[in-house]
Amino acid sequence: MTPSALAINKARQEHLASLGLDLKGKRVLEVGAGIGLHTPFFLERDCEVVVTDGNRENVAEIRRRHPRLRVEQVDLDKDESLEPLGAFDIVYCYGLLYHLANPERAIARLAEVCHGQLLVETCVSLGNYPEVIFLRDYEGRNQAVSGVACRPTRVWMRDTLARYFGYAYLAKTQPNHPDFPVDWDRPETRILYRAVFVGSRVALANPNLTDTIPRQQPAWR
């Protein structure tokens with residue numbers, strides 16, 4: 001694992017912890033887990049975690065790191081039900097959605113097994129309309145299994161999460177990392193732009209979340 005990957009993971013998890021969501025003692029489905037570096041975040045909160053990834057080598061490494069957990073190979077670009085995995089309070093989808101060729105179908109499948117919140121961190125495209133840009137992904141263990149990636153706008157993410165969950169939110173702040181813009185009107189020129197979303201079955205009265213599309217999102221510190 002490279003220092004840059006460790007840095008963004010640290011920023012993601014510190015930010016998630018700052019949002020004040022009820023994440024203790026939950027039944028969690030982690031999708032697109034890579035080699036399981038995010039999994040301890042939930043284990044430290046006494047959660048029951050089922051871990052998945054679409055890459056066979058990653059699944060083998062997760063099983064080595066977390067031999068007591070249920071770990072399955074799941075490709076969210078395939079039209080297969082997730083119901084055999086069970087039902088979950090929380091679905092954790094950080095760093096996966098932008099590696100998919102059909103992000104809406106993936107959200108729909110995750111909604112079928114989630115009766116609480118879907119937590120999403122994903123790369124997005126700049127824009128003020130509900131649309132998705134598709135592109136070829138890099139080759140590698142942590143890239144798209146199909147080879148096709150996507151970059152939805154923040155508006156598309158909010159609207160699609162609301163369609164399948166009932167309620168959708170963006171974090172008012174951003175993880176403290178350069179890939180997460182703080183000024184969407186004048187974003188820095190970068191290859192990747194990221195944001196954090198929450199789809200929820202119930203309305204959340206959380207001061208750290210908003211159902212609007214913020215133009216300014218200060219970095220959490």
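The analysis underlying the following values was restricted to heavy atoms, covering all of them including side chains, and did not include hydrogens, waters or symmetry mates.
- Here the NZ atom belonging to Lys26 is positioned 10.5 Å from the CG atom belonging to Leu21, to the nearest 0.5 angstrom.
- Contact record, Val124 with Arg151: C-CB, 4.2 Å, taken as the closest heavy-atom pair.
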Requested in this report: Could you go through the side-chain contact (heavy atoms from CB on, under 4.5 Å) check for Ile62 and Leu69 one step at a time?
Outcome: CA-CA 9 Å; Ile62 299 169; Leu69 300 184; over 6 Å; no
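- Here the CG-CZ distance, from Leu76 to Arg105, works out to 9.5 Å after rounding to the nearest 0.5 Å.
- Rounding to the nearest 0.5 Å gives a distance of 6.5 Å between CG of Asn102 and CZ of Phe134.
- For the atom pair Glu112 CD and Phe88 CZ, the distance stands at 13.0 Å (nearest 0.5 Å).
- One finds a salt bridge joining Asp179 and Arg190 here, because a Lys/Arg side-chain nitrogen approaches an Asp/Glu carboxylate oxygen to under 4.0 Å.
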Query raised in the report: Checking side-chain contact (heavy atoms from CB on, under 4.5 Å) for the pair Arg12/Val196: CA distance, chi angles, key distance, verdict?
Result: CA-CA 9 Å; Arg12 286 161 160 168; Val196 175; over 6 Å; no
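- Around atom CZ of Arg215, more than 12 heavy atoms belonging to other residues, nucleotides or ligands sit under 6.0 Å away.
- At least one donor-acceptor pair closer than 3.5 Å links the side chain of Arg109 to the backbone N or O of Glu80.
- Distance check: Lys24 NZ to Asp89 CG gives 15.5 Å after rounding to the nearest 0.5 Å.
- Smallest separation of non-hydrogen atoms from Val31 and Thr52: CA-OG1, 3.2 Å.
- Side chain of Gln174 to backbone of Pro218: no donor-acceptor contact under 3.5 angstrom is found.
- In summary, Glu61 and Arg64 engage in a salt bridge, as defined by a charged side-chain N under 4.0 Å from a carboxylate O.
- For the residue pair Glu30 and Tyr94, no side-chain donor N or O sits within less than 3.5 Å of a side-chain acceptor on the partner.
- Heavy-atom contacts from other residues, nucleotides or ligands closer than 6.0 Å to OH of Tyr193 number more than 12.
- Ile90 and Leu37 fall into different hydrophobic clusters, defined by Ile, Leu, Val, Met, Phe, Trp and Tyr side-chain heavy atoms under 4.5 Å apart, directly or through other members.
- Looking only at distances, no side-chain donor or acceptor of Lys172 sits under 3.5 Å from a matching main-chain atom of Thr210.
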Requested in this report: Could you please spell out the steps behind the side-chain hydrogen bond (donor to acceptor under 3.5 Å, both in side chains) verdict for Ser200 and Gln117?
Outcome: CA-CA 4 Å; Ser200 181; Gln117 283 82 48; 2.9 Å; yes
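- The closest side-chain heavy-atom distance from Asn176 to Trp220 is not below 4.5 Å.
- Here CZ of Arg194 is found 3.5 Å from OH of Tyr98. Values are rounded to the nearest 0.5 Å.
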Requested in this report: Quick one: do Trp184 and Arg154 satisfy side-chain contact (heavy atoms from CB on, under 4.5 Å)? Show the steps, please.
Outcome: CA-CA 11 Å; Trp184 292 90; Arg154 293 187 300 157; 3.2 Å; yes
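- A donor-acceptor distance shorter than 3.5 angstrom exists from the side chain of Asn206 to the backbone of Leu19, with no hydrogens or angles considered.
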